[in-house]
Amino acid sequence: MPPVESPVTIRAGDLEVSGIYARPERPFATLVLAHGAGAGMEHPFMSGFTRGLNDDGVATLRFNFPYREAGRKFPDRPPAAIATWRAAMDEAARQATTHGDTGPVWAAGKSFGGRMASMAVAEGMDAAGLIYLGYPLHPPGKPEKIRDEHLYGLTLPMLFLQGSRDTFATHELLEGVVSRIGPSAALQWVDGGDHSFAVAGKKRDAAEIGASLAPAVTEFMRTHG
């Protein structure tokens, strides 16, 4: 039986955002997941990915950023996003303590959510590791506007999962960034995947696409936990 998805309220400063917590029996770790700029935690990709993790023994907490909660389209500025990340990690730790779970708590994000997670860790947020689902290294067609400065000071385990057709990360640039970060970082290309990990000619809905990424993530977490 799949774990029950329970709604939670996360307080970040003066704001409250929604979250969904799911815990399989005896999880070996918890993963907190943030959405990308264009869709919230309810997107099928997000739910499919977390359910795939639940099936492999990972408790999950996915959450909305304040702008999404308020129905706005433009993403929050980093200070607000980072404050929300801290609050979500605190909630995940509280849930783990409540259930007697002692495994590590990881941070993960789709695109914008992953970049904000890395910035939060660079500013001192505690996490066992980082998972990037399509890291937005630069805007499409603008490789000169690279977003990598804060990554080089991070020493925790990091997995970059990236579609090979993702226009937000030129192959050579991303491979160079991961190499410069050092042995704590790993890069896995999803052959034919775009920024949403959809593969041309391969008909799958967003939930199935999200779930397909879970095995690589749980393997990395088990290896580096």
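Residue indices begin at 1 and follow the sequence shown. Quick caveat, the model's predicted, so the values are computed rather than measured.
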Under 3.5 Å, sequence neighbours excluded: what are the donor-acceptor pairs made by side chains of residues 217-224?
| from | atom 1 | to | atom 2 | distance (Å) |
| --- | --- | --- | --- | --- |
| Thr218 | OG1 | Asp56 | OD2 | 2.5 |
| Thr218 | OG1 | Ala214 | O | 3.2 |
| Thr218 | OG1 | Pro215 | O | 3.1 |
| Arg222 | NH2 | Asp56 | O | 2.9 |
| Thr223 | OG1 | Glu219 | O | 2.8 |
| His224 | ND1 | Phe220 | O | 3.0 |

Centroid-centroid under 6.0 Å between Phe168 and His138 rings: no
Does the [X] side chain pair with the main chain of [Y], one donor and one acceptor, at a distance under 3.5 Å?
| X | Y | value |
| --- | --- | --- |
| Glu16 | Thr9 | no |
| Ser179 | Gly176 | no |
| Trp85 | Ala34 | no |
| Arg62 | Leu33 | no |
| His99 | Gln95 | yes |
| Arg147 | Arg115 | no |
| Asn54 | Val58 | yes |
| Asp194 | Asp166 | no |

Would you compute the distance between atom [atom1] of [X] and atom [atom2] of [Y] and round it to the nearest 0.5 angstrom?
| X | Y | atom1 | atom2 | result |
| --- | --- | --- | --- | --- |
| Leu213 | Glu208 | CG | CD | 11.0 Å |
| Tyr135 | Leu174 | OH | CG | 9.5 Å |
| Ile10 | Ser18 | CD1 | OG | 8.0 Å |
| Tyr132 | Phe160 | OH | CZ | 4.5 Å |
| Glu91 | Thr98 | CD | OG1 | 8.0 Å |
| Ile181 | Leu151 | CD1 | CG | 5.0 Å |

Between [X] and [Y] (salt bridge meaning N to carboxylate O under 4.0 Å), is one present in this structure?
| X | Y | result |
| --- | --- | --- |
| Glu42 | Arg68 | yes |
| Asp101 | Arg23 | yes |
| Glu5 | Arg51 | yes |

Is there a side-chain contact between [X] and [Y] in this structure, where contact means two heavy atoms from C-beta onward sitting under 4.5 Å apart?
| X | Y | value |
| --- | --- | --- |
| Met125 | Met89 | yes |
| Met158 | Leu154 | yes |
| Leu61 | Ile20 | no |
| Asp191 | Val199 | no |

Closest non-hydrogen atom pair, [X] against [Y]:
| X | Y | result |
| --- | --- | --- |
| Gln188 | Ala216 | OE1-CB, 3.7 Å |
| Ala92 | Val32 | CB-CG2, 3.4 Å |
| Pro78 | Met119 | CB-CE, 3.9 Å |
| Phe197 | Leu161 | CZ-O, 3.3 Å |
| Gly129 | Leu156 | CA-CD1, 3.6 Å |
| Ser111 | Pro136 | O-CD, 3.4 Å |

Ignoring hydrogens and angles, state whether a donor on the side chain of [X] or [Y] is under 3.5 Å from an acceptor on the partner side chain.
| X | Y | value |
| --- | --- | --- |
| Arg180 | Tyr152 | yes |
| Trp189 | Glu175 | yes |
| Thr84 | Asp76 | no |
| Ser164 | His171 | no |

Determine, using the 4.5 Å side-chain heavy-atom cutoff (strictly less than), whether [X] and [Y] are members of one ILVMFWY cluster.
| X | Y | result |
| --- | --- | --- |
| Val177 | Met116 | yes |
| Phe112 | Ile209 | no |
| Leu137 | Val190 | no |
| Met46 | Ile131 | yes |
| Leu133 | Leu159 | yes |

side-chain hydrogen bond (donor to acceptor under 3.5 Å, both in side chains) between His195 and Thr167, worked out: CA-CA 7 Å; His195 193 55; Thr167 57; over 6 Å; no
Geometric class of the Phe63/Phe65 ring pair [parallel <30°, tilted 30-60°, perpendicular >60°]: perpendicular
Plane angle bin for Phe45 and Phe49 - parallel if under 30°, tilted between 30 and 60°, otherwise perpendicular: parallel
